[in-house]
Enquirer: 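Here's a structure for you.
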Amino acid sequence: MEGRIIKAIAGFYYVHNGEDVYECRARGVFRNKGIKPLVGDIAEVEILDGENKKGNLTEIKERNSFLIRPAVANPDQALIIFAGAKPEPNLNLLDKFLTMMEIKNIPMAIAISKSDLTDEDKIKELTSAYSKYYKVIEISVKEEKGLDELKDFLNGKFTVLAGPSGVGKSTLTNYLAPEADMETGEISRKIERGKQTTRHAELFYIGDGGYICDTPGFGSLELFDVDKIELKDYFPEFAEYTEDCKFNGCIHIGERDCGVKKALAEGKISESRYRNYRLIYEELANRREY
């Protein structure tokens with residue numbers, strides 16, 4: 001039998017074949033080869049007890065992609081969720097998430113949650129900075145806004161849900177997969193930040209071949225897989241203006257004759273995006289090498 005690992009707890013791997021979930025152990029061959037099965041892996045299962053849904057993992061199929069945090073394999077795409085309000089959106093963190101997915105070459109969309117609590121002008125400001133290069137969906141589970149468009153995006157795909165705590169990932173997971181029964185957290189009134197409610201990666205089947213994976217919320221994020229010189233390549237809006245840069249390898253910061261900086265001055269590139277690019281660049285430049 002072939003299926004996808006949807007959960008891993010205490011040495012047991014739970015494999016979904018589209019209909020049923022089998023509780024499996026991993027054979028010693030994985031340990032001998034230094035292979036650790038991950039949530040999201042496609043696995044071959046030897047069925048030991050069909051009635052009680054027990055089996056052994058016998059093979060892990062080659063991975064198309066994987067993420068380190070959360071540790072999941074083979075995501076088709078990512079949905080990066082940020083609240084328009086409560087908590088206020090941290091655009092630096094959003095741009096780090098986008099960069100991380102760009103590095104992994106994983107398609108993504110942005111969901112602006114809690115749109116019922118957000119001023120329309122703020123939503124327009126948020127969407128204008130990103131909508132040319134990323135799909136942006138305004139959603140409200142409470143008012144059932146944007147959910148049909150969201151379901152179309154998720155249909156038939158394995159989607160990782162990412163974003164900071166308190167933006168409604170678990171609420172959305174419960175809406176899409178009620179059997180998940182995820183704990184949802186309140187927002188701290190003092191710091192306007194959500195309490196983390198997801199503690200491990202787990203996949204939930206949403207029908208028609210689709211899976212979602214709620215992930216632990218992040219209050220911060222460090223990028224480890226990119227050199228500061230390469231960072232510019234993961235901001236897609238820069239690409240169409242680099243031909244106007246005087247110097248090959250322009251990093252769009254200190255150079256005088258820079259097409260990207262000219263486009264910024266003309267309002268063709270988002271100021272917040274460019275500001276966060278510089279902040280991330282500085283973080284990478286100041287990172288200690290161990």
Enquirer: Please tell me if the side chains of S270 and S128 come closer than 4.5 Å, counting only heavy atoms from C-beta onward.
Expert: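 They are not in side-chain contact.
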Enquirer: Do D244 and K262 have side chains that get closer than 4.5 Å, going by heavy atoms?
Expert: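 Counting from C-beta outward, D244 and K262 never come under 4.5 Å.
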Enquirer: Do E138 and E149 have side chains that approach each other closer than 4.5 Å (heavy atoms only, starting at C-beta)?
Expert: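 E138 vs E149: side chains apart.
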Enquirer: Could you state the interatomic distance from NZ (K261) to SG (C250), rounded to the nearest 0.5 Å?
Expert: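 Here the rounded value is 7.5 Å.
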Enquirer: To the nearest 0.5 Å, what is the distance between CG (L231) and CD (E282)?
Expert: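 These two atoms lie 11.0 Å from each other.
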Enquirer: Can you list the residues that meet the side chain to side chain donor-acceptor pair (under 3.5 Å) rule with E240, with sequence neighbours excluded?
Expert: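 E240: side chain to side chain donor-acceptor pair (under 3.5 Å) contacts with K132, Y133.
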Enquirer: Look up atom CG in D95 and atom CE in M100, then write down how far apart they are to the nearest 0.5 Å.
Expert: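 Atom-to-atom, D95:CG and M100:CE are 12.5 Å apart.
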Enquirer: I'd like to know if the side chain of K246 and the backbone of R256 have a donor-acceptor N/O pair within less than 3.5 Å.
Expert: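 No, the answer is negative, given that no donor and acceptor are paired below the 3.5 Å cut-off.
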Enquirer: Measure the CG-CG distance between D214 and L161 for me, rounded to the nearest 0.5 Å.
Expert: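 D214 CG to L161 CG: 6.0 Å, rounded to 0.5 Å.
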Enquirer: Check whether any side-chain heavy atom of L172 sits under 4.5 Å from a side-chain heavy atom of L79, and report yes or no.
Expert: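 Yes - at least one pair of side-chain heavy atoms lies under 4.5 Å apart.
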Enquirer: Considering non-hydrogen atoms only, spot the tightest contact between N92 and E283 and give its length.
Expert: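 Smallest heavy-atom distance, with atoms named: OD1-OE2, 4.5 Å.
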Enquirer: Give the minimum heavy-atom separation between V45 and C24, together with the two atoms involved.
Expert: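 Nearest heavy atoms, V45 then C24: CG1-SG, 3.7 Å.
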Enquirer: For the pair D76 (side chain) and F158 (backbone), establish whether a donor and an acceptor sit closer than 3.5 Å, ignoring hydrogens and angles.
Expert: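 Checking the backbone N and O of F158 against the side chain of D76, a donor-acceptor pair under 3.5 Å is found.
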Enquirer: So, taking the atom named NZ in K151 and the one named CG in L176, what distance separates them when rounded to the nearest 0.5 Å?
Expert: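 Reported to 0.5 Å precision, the distance equals 7.0 Å.
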Enquirer: Not counting sequence neighbours, list each pair that qualifies as a ring-ring contact (aromatic ring centres under 6.0 Å, His included) and has a residue in residues 228-250.
Expert: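 Every pair satisfying ring-ring contact (aromatic ring centres under 6.0 Å, His included) with a residue in residues 228-250: F235-F238, F235-Y277, F238-H252, F238-Y277.
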Enquirer: Identify the heavy atoms of L154 and Q77 that sit nearest to each other, and give their distance.
Expert: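 So the minimum-distance heavy-atom pair works out to CA-NE2, 3.9 Å.
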Enquirer: Going by heavy atoms in the side chains, are I60 and I5 under 4.5 Å from each other?
Expert: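 The answer is yes; the side chains approach within 4.5 Å.
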Enquirer: How long is the gap from CG on N56 to OH on Y13, to the nearest 0.5 Å?
Expert: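 The CG atom of N56 sits 12.0 Å away from the OH atom of Y13.
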Enquirer: Going through the checks in order, is the side-chain contact (heavy atoms from CB on, under 4.5 Å) test met by R63 and D41?
Expert: CA-CA 7 Å; R63 293 166 182 159; D41 271 328; 2.8 Å; yes
Enquirer: Among residues two or more places apart or on two chains, list those pairs meeting ring-ring contact (aromatic ring centres under 6.0 Å, His included) that have a residue in residues 14-35.
Expert: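 Only H16-Y205, H16-Y211 qualify under ring-ring contact (aromatic ring centres under 6.0 Å, His included).
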